[in-house]
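These notes concern the structure reproduced below.
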Amino acid sequence: MIRFHLKELIAEKEFAEKRRITIGEIASETGINRMTLSKIINHPGHSTVTDNLDKLCNYFDCEVEQLVTHLKG
């Protein structure tokens, strides 16, 4: 299963920028639908396209390994 670390990345960005970051803001900045972002955050194992991974990595200025983890099992 793939585990997304979107909540953690949002928290880190909020702390670094000393402001609240909303799903709407991320959707607006990345072009990813709000519902897709909500599913990534709230539904373990949600599947998304690699283009969304690329957009999120660009938004959070991170490597894909910081965004997702593969859980064996």
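Here, residue 1 is the first one in the sequence, and each next residue gets the next number. What you are looking at is a predicted structure, and each value in this text was computed from that prediction instead of being measured.
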Throw together a table of side-chain donor-acceptor distances under 3.5 angstrom for residues 38-45, partners on residues two or more places apart or in other chains.
residue	atom	partner	partner atom	Å
Ser38	OG	Asn42	ND2	3.3
Asn42	ND2	Ser38	O	3.1

For Phe15, what are the other residues in its hydrophobic cluster, where any two members join if their side-chain heavy atoms are less than 4.5 angstrom apart?
none
Rounded to the nearest 0.5 Å, the CG atom of Asn33 sits from the CD1 atom of Ile23 at a distance of 11.5 Å
Distance check, rounded to the nearest 0.5 Å: Leu6 atom CG versus Lys13 atom NZ?
11.5 Å
So among Asn58, Thr48, Ile32, which one has a side-chain contact (heavy atoms from CB on, under 4.5 Å) with Leu53?
Thr48
Salt bridge flag under 4.0 Å for residues Arg19 and Glu25
yes
Check whether any side-chain heavy atom of Ile26 sits under 4.5 Å from a side-chain heavy atom of Ile10, and report yes or no.
yes
Are side-chain heavy atoms of Glu8 and Phe60 found at a separation under 4.5 Å?
no
Taking only distance into account, with no hydrogens and no angle test, what donor-acceptor pairs under 3.5 Å do side-chain atoms of residues 62-73 form with protein atoms, sequence neighbours excluded?
residue	atom	partner	partner atom	Å
Gln66	OE1	Glu63	N	2.8
Thr69	OG1	His5	NE2	2.4

